[in-house]
Number of protein chains: 2
Amino acid sequence: MTTESPITAGMDTTGNEQEQPPSVYELLREDIVSGALEPNARLKVADLSKFYGTSTNPVREALQQLRGEGFVVMEANRGARVRPIDEDFVRDIIEIEVLLEPALTRWFVGVATHVDIEALEAMQERIEELDFADARQHARLDTAFHQLIYDRHYNRHAAELWWKHREILRAISRRYPTSLSRRQAVLSEHRQLIEAIRNQDAEEAAAIVARHVQGSGHHIIEQMGMANRDGARRRAS
Amino acid sequence: MTTESPITAGMDTTGNEQEQPPSVYELLREDIVSGALEPNARLKVADLSKFYGTSTNPVREALQQLRGEGFVVMEANRGARVRPIDEDFVRDIIEIEVLLEPALTRWFVGVATHVDIEALEAMQERIEELDFADARQHARLDTAFHQLIYDRHYNRHAAELWWKHREILRAISRRYPTSLSRRQAVLSEHRQLIEAIRNQDAEEAAAIVARHVQGSGHHIIEQMGMANRDGARRRAS
DNA sequence: ATTTCAAAAATAATGTACAATTTGGGTTGC
DNA sequence: GCAACCCAAATTGTACATTATTTTTGAAAT
């Protein structure tokens, strides 16, 4: 299932057609967003190039791209640092998505075909079958589910923004488990969403998506908070 | 009036404290967004480094940053191109701003102080005094007006997104004149907005801002369309 | 004579190495 | 104690090598 969607194609930063080795950019980005590199950590090109086994230029260019994307902050002549990906950052992203995704969904309701709805149902089937057994696989399916809705939107800029935010959130939540109540809510909200689309109820669909995004954000932030407190407790002992 | 706001400080990509010469990044970005470089134009590092009088690395790094920001698209081993800044792109941005800015404004109404309102009024005074005589200066004042509202928002990500969009739109509209009816609307809407904030009417303020953004977008797109048609007519003769 | 295909040359991107500034810290001399 | 200075570390800029892609060219086949 090679999802060669307009978004992923547009966002594909390397031209990964035949499984090229991941670029420095991809490695570095993953290490930042997954938390392997501490918030505010200094990013010295010499260290990084040694670590990733390349020369300095690929690292320098990766840093610049990540700066453009906002994952890295730089001061002139004083180098780069990891932008902290903290609870505030997640909250900020979620707030934007709460505005964006309902709007995208509302439009989708107007153009959705019978085929689309069947595709959504098929994906939801697979998600429920899997039942969160494989986190990685679940994330993939869940992303595909929402992507189907946003992917075709005429507003490419909005769709790309969604995709970028999605990737950040996905990388963060990979660190934490999904609570049972959240699992329940995800499945239920997906079903409700499909139903609203089928009924051509754009407002209802938008409202469900808003709840869905909000809930997902709350869950992530809660998990982050718990992890922080655990970490503090462990450090204190 | 050195507007050293959190946003501009955060967005300041070079650490421009004492009027350093503009970086390759800034020059290139301006040339893209102002239309000096054609949409989809190829961006060869050798050409650009010759043009800007530097070696290749600064150009390469600038391109990567611009790629991260979405102004440039790249294919592996096939170089960079200017992302077309066309009517669709403006429409996409405006649609996002129509969602974003009202939300930011709604929050501002809740925290605005008497001092804030006076500051807004003072700026509006100066805008009306100037009466669009100096386009550059008007843009500066208008930006400052809206910046006062968005700048302090706790959602840094949203504020930065607004700022980025604002810069793009500013650069585009610099190419075109402002119609008389649009001038009227701008002044009137600003006054209405101040009034709504004073009355603590968040919903009304949000609605006005939505209109304001929408109107600004319509105006730019109209101007772009006219320019295109004029260009086509001129080429046909 | 025209088309087709392949190989080679040119063009341009990507990676490596190194030189030159800038910054921050520490030490010495007053 | 403090200021000037120097040194180490890191960023930024330049030059060059390598690799990938595109274009050209020339010979064979239709």
Side-chain angles (χ1 to χ4, degrees), chain A residues 9-29 31-32 37-83, chain B residues 9-29 31-32 37-83:
Chain A
M11 299 304 292
D12 187 345
T13 43
T14 53
N16 246 351
E17 286 185 7
Q18 296 161 9
E19 286 308 318
Q20 286 190 306
S23 63
V24 173
Y25 161 77
E26 290 169 301
L27 295 169
L28 188 51
R29 175 189 167 129
D31 285 343
I32 289 173
L37 286 161
E38 303 254 307
N40 266 314
R42 276 205 69 180
L43 298 167
K44 307 184 192 179
V45 288
D47 294 358
L48 294 172
S49 62
K50 214 163 276 178
F51 185 74
Y52 295 120
T54 67
S55 62
T56 61
N57 251 1
V59 173
R60 285 161 65 172
E61 293 181 5
L63 285 174
Q64 292 296 338
Q65 185 178 351
L66 290 165
R67 146 142 94 157
E69 293 176 350
F71 292 107
V72 156
V73 292
M74 293 181 78
E75 268 181 295
N77 292 319
R78 309 191 60 222
R81 291 180 173 276
V82 175
R83 157 162 300 185
Chain B
M11 298 304 290
D12 186 347
T13 42
T14 53
N16 246 353
E17 286 183 8
Q18 298 161 5
E19 285 308 320
Q20 286 190 309
S23 63
V24 173
Y25 161 78
E26 290 169 301
L27 294 169
L28 188 50
R29 178 191 166 128
D31 286 343
I32 289 174
L37 286 161
E38 305 254 305
N40 266 315
R42 277 204 67 182
L43 298 168
K44 307 184 192 179
V45 287
D47 293 0
L48 293 173
S49 61
K50 214 164 276 180
F51 185 74
Y52 294 120
T54 67
S55 62
T56 58
N57 252 1
V59 173
R60 285 161 65 173
E61 293 180 5
L63 286 174
Q64 292 296 339
Q65 187 179 351
L66 291 165
R67 147 143 89 155
E69 293 176 348
F71 293 106
V72 156
V73 291
M74 293 181 77
E75 268 180 295
N77 293 318
R78 308 193 57 213
R81 288 178 174 281
V82 175
R83 155 162 301 186

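Since we're looking at a predicted model, the values are computed, not measured. Here is the naming used below: chain letters follow the sequence lines, and residue numbers restart at 1 for every chain.
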Notebook entry, point to check: Of all the nucleotides listed (C/dA13, C/dT16, D/dT12), which has the minimum atom distance to the side chain of A/Met74?
Noted result: D/dT12
Look for any protein N or O under 3.5 Å of an N or O in nucleotides 21-23 of chain C and output each such pair with its distance, or none.
from   : atom 1 : to      : atom 2 : distance (Å)
C/dT22 : O3'    : A/Asn77 : ND2    : 3.4

Notebook entry, point to check: Heavy atoms under 4.0 Å, any strand shown: does B/Leu43 hit a base, just sugar-phosphate, or nothing?
Noted result: sugar-phosphate
Checklist line | Sugar-phosphate, base or nothing in reach of A/Thr54, heavy atoms under 4.0 Å | finding: sugar-phosphate
Check: Atom OH of B/Tyr52 to atom P of D/dG13: distance rounded to whole Å?
Finding: 15 Å
Next item on the list: Supply the atom-to-atom distance A/Glu61 CD to A/Thr54 OG1, rounded to the nearest 0.5 angstrom.
Entry: 10.5 Å
Note to self: As a test of understanding, state which of A/Val45, A/Val24, A/Leu48 forms a side-chain contact (heavy atoms from CB on, under 4.5 Å) with A/Arg60.
What the structure shows: A/Val45
Notebook entry, point to check: Going through the distances and angles, do A/Gln64 and A/Met74 end up as a side-chain contact (heavy atoms from CB on, under 4.5 Å)?
Noted result: CA-CA 9 Å; A/Gln64 292 296 338; A/Met74 293 181 78; 3.6 Å; yes
Note to self: Quick check: do B/Leu37 and B/Leu28 have side-chain heavy atoms less than 4.5 Å from each other?
What the structure shows: yes
Check: Just how far, in rounded Å, is P of C/dT14 from CG of B/Asn57?
Finding: 12 Å
Note to self: Rounded to the nearest 0.5 Å, what separates atom CD in B/Glu69 from atom CD in A/Glu69?
What the structure shows: 10.0 Å
Notebook entry, point to check: Considering only heavy atoms and no angle criterion, is a donor-acceptor pair shorter than 3.5 Å present between the side chain of B/Arg60 and the base of D/dG13?
Noted result: no
Note to self: Return whichever of B/Gly53 or B/Arg42 has its heavy-atom-nearest nucleotide of DNA chain D closer to the 5' end.
What the structure shows: B/Gly53
Item checked: Stepwise side-chain contact (heavy atoms from CB on, under 4.5 Å) test for B/Glu38 and B/Val82 -> CA-CA 7 Å; B/Glu38 305 254 305; B/Val82 175; over 6 Å; no
Margin query: Between P on D/dT22 and NZ on B/Lys44, what's the gap in Å once rounded to a whole number?
Written below: 12 Å
Item checked: Euclidean distance, atom NZ of residue B/Lys50 to atom C1' of D/dT14 [Å, nearest integer] -> 15 Å
Next item on the list: Measure the distance from CD on B/Glu61 to P on C/dA13 and round it to the nearest whole Å.
Entry: 16 Å
